[in-house]
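Below: the structure, in structure tokens.
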Amino acid sequence: MVVKVGIVGLGRLGKIHAENLSKKIYNCELIAATSIVDEELNWAQKELGVKYLYHDFDEMIANDEVDAIFIVSPSSFHPDQVVKALNKNKHVFSEKPLGLSVEDIQEILPVINSSSNKFMLGFMRRFDDSYRYAKEKVDAGEIGDITLIRCYSIDPSDGMKSFVNFAKNSNSGGIFSDMSIHDIDVIRWFLNSEDSGVNRVWSLGNNVAYPVLNDLNELETGAAMLQLTDDKIGMLVAGRNAAHGYHVETEIIGTKGTLRIAATPEKNLVQVMNSSGVVRPTSQNFPERFQQAFMSEEQYFIDAISNDTEIEIKAEDGLYATQVAIALQESYDSNEIINIKG
Ligand code: NAI
């Protein structure tokens, strides 16, 4: 079966999903796109041959030829668009976060869970080869019991201009909902946690590097300590100012060993020896670092529709991740430790 897809949002990430869906993913045809930017729609038509172009999401989901919708619009639109698309009998892939408030997500959970159509959330790190390799080792008990997980997610300095535009045009949800949400999900995933897996959190932040972000109510650097189930420890660093590129790193310390994923964010296996010394080029942005993960998650979603298989990432994963991200923001705003449970 060829799954016919419509996409909403053709911005920083939407373009990547659109290009993959139209050129690289098997059993998939990108036939429709919605954006409020004409230039983006023209690009989709000319470069990708997308047949149906819309300014209005409701018009796209009324198209009976479309089987599945990719939601890559600003985060605040996700809950409403998920529900509307499911109600129009479409399968739905939504980018993270599922919503910007716990209440918004709780409201749509029954609709998602009672739908006979597929739903998937874009936690693409679960599809990255290195994260999957580490997860297999953890699940096989190779590092014993986890004691601490430390996660860094830092955007490159040269992404600041496009982030400022993104934050001016829409509500990112703040650095913890926008950036740390992947780390929160990864922690839950490694711990095989059925709920949020977090008892309480304390977070800090500043705009030393970009005071201009104060006016947008955003943070450039955020950090947090998380008390996890059974007194395990989580540590998060999120940022938007890595001079060396795109820095996503995860360390899992266990009773019998430690795993580090991308301890230095290398671009590939090449060393450059020149007048600067021995240089290891770094990955420069999220499309480059997670190219394989984006393609794997897209193929997984399309295959789940074609073969009617169950999707591992549930709406509840989105709920728990957002619950923790909001507690982190609340902790920063109030300068208090926030209890999530227990
Ligand atoms: P962006 O600001 O670059 O693009 C937003 C897109 O939505 C644009 O094409 C715009 O025309 C469209 N749009 C805005 N308002 C609209 C409306 N009313 N109707 C239809 N289309 C509308 O945003 P970006 O960075 O591409 O982010 C989009 C989503 O993807 C966000 O939720 C973000 O959190 C998520 N994201 C996820 C990443 C990941 O690592 N999985 C990485 C980057 C973004």
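In listed order, ligands and their atoms are each counted from 1.
Atoms of ligand 1 found under 4.0 Å from any heavy atom of Phe77 (numbered from 1 in listed order, with element): 15 (N), 16 (C), 17 (C), 18 (N). Here is the list of ligand 1 atoms found below 4.0 Å of a heavy atom in Val8: 20 (C), 21 (N). Set against the non-hydrogen atoms of Val72, the atoms of ligand 1 under 4.0 Å away are 28 (C), 29 (C), 30 (O). Taking every heavy atom of Val37 and a limit of under 4.0 angstrom, the matching atoms of ligand 1 come to 11 (O). Less than 4.0 angstrom separates some heavy atom of Gly9 from each of these atoms of ligand 1: 6 (C), 7 (O), 9 (O), 12 (C).
For ligand 1, the polar-atom distance check finds an N/O of Leu13 within less than 3.5 Å of one of the ligand's N/O atoms. Considering backbone and side-chain N/O atoms, Met124 never comes within less than 3.5 Å of an N/O atom of ligand 1. Of the polar atoms of Glu40, at least one N or O is found under 3.5 Å from an N or O of ligand 1, judged by distance alone.
The aromatic rings of Phe190 and Tyr131 lie tilted to each other, with the angle between the two planes from 30° to 60°. Using cut-offs of 30° and 60° for the angle between ring planes, the Phe163 and Phe166 rings count as tilted. Ring orientation note: the planes of Tyr152 and His247 are tilted relative to one another, at an angle of 30° to 60°.
With hydrogens left out, the protein atom closest to atom 43 (C) of ligand 1 is Phe286 CZ, 3.6 Å, a heavy atom. Nearest to atom 5 (C) of ligand 1 among the protein's heavy atoms is Pro74 CD, 4.0 Å. Protein heavy atom closest to atom 19 (N) of ligand 1, with residue, atom name and distance, is Ile36 CG2, 3.9 Å. Among protein heavy atoms, atom 29 (C) of ligand 1 sits closest to Ser73 O, 3.3 Å. Nearest protein heavy-atom contact of atom 35 (C) of ligand 1 is Lys96 O, 3.6 Å. The nearest protein atom to atom 40 (O) of ligand 1, hydrogens excluded, is given as His182 NE2, 3.1 Å; this is a heavy-atom distance. Given atom 2 (O) of ligand 1, the protein heavy atom at minimum distance is Phe166 CD1, 3.3 Å.
Here the CD1-OG1 distance, from Ile252 to Thr258, works out to 9.0 Å after rounding to the nearest 0.5 Å.
The residue from Arg289, Arg150, Arg125, Arg260 that alone fulfils the salt bridge (Lys or Arg N to Asp or Glu O under 4.0 Å) condition with Glu249 is Arg150. For the ring pair (Phe, Tyr, Trp, His ring centres under 6.0 Å) criterion with Phe301, the lone passing option out of Phe123, Phe93, Tyr26, Phe294 is Phe93.
Of the candidates His17, Arg12, Glu95, Gln81, the one placing a heavy atom closest to atom 3 (O) of ligand 1 is Arg12. Closest heavy-atom approach to atom 11 (O) of ligand 1 within the set Gly14, Ser35, Gly173: this belongs to Ser35. Checking Pro287, Gly11, Ser75 against atom 32 (O) of ligand 1, the nearest heavy atom belongs to Ser75.
The backbone N or O of Ile69 lies less than 3.5 Å from no partner atom in the side chain of His91, so there is not a single donor-acceptor pair. Side-chain atoms of Asn307 never come within 3.5 Å of backbone atoms of Thr309 as a donor-acceptor pair (strictly under, hydrogens ignored).
Look at Asp317 and Arg126 and you find a salt bridge, because one of the NZ, NE, NH1 or NH2 atoms lies within 4.0 Å of a carboxylate O, short of that distance. Classification of Lys96 and Asp185 as a salt-bridged pair fails, no side-chain N sitting under 4.0 Å from a carboxylate O.
Under a 4.0 angstrom heavy-atom cut-off, Phe290 registers as lying outside contact with ligand 1. In this structure, Leu10 has a heavy atom closer than 4.0 Å to ligand 1.
Contacts between Phe57 and ligand 1, counted as non-hydrogen atom pairs separated by less than 4.0 Å, are absent for every part of the residue. The proximity of His78 to ligand 1, defined as any non-hydrogen pair under 4.0 Å, is limited to the side chain.
Evaluation of the side-chain hydrogen bond (donor to acceptor under 3.5 Å, both in side chains) test over residues 164-173, restricted to residues two or more places apart or in two chains, returns Ser172-Glu218.
Contact annotation: the side chain of Ile181 never approaches that of Phe176 to less than 4.5 Å [non-hydrogen atoms, C-beta and beyond].
Annotation: cation-pi geometry satisfied between Arg132 and Phe127 (NZ/CZ under 6.0 angstrom from ring centroid, within 45° of ring axis).
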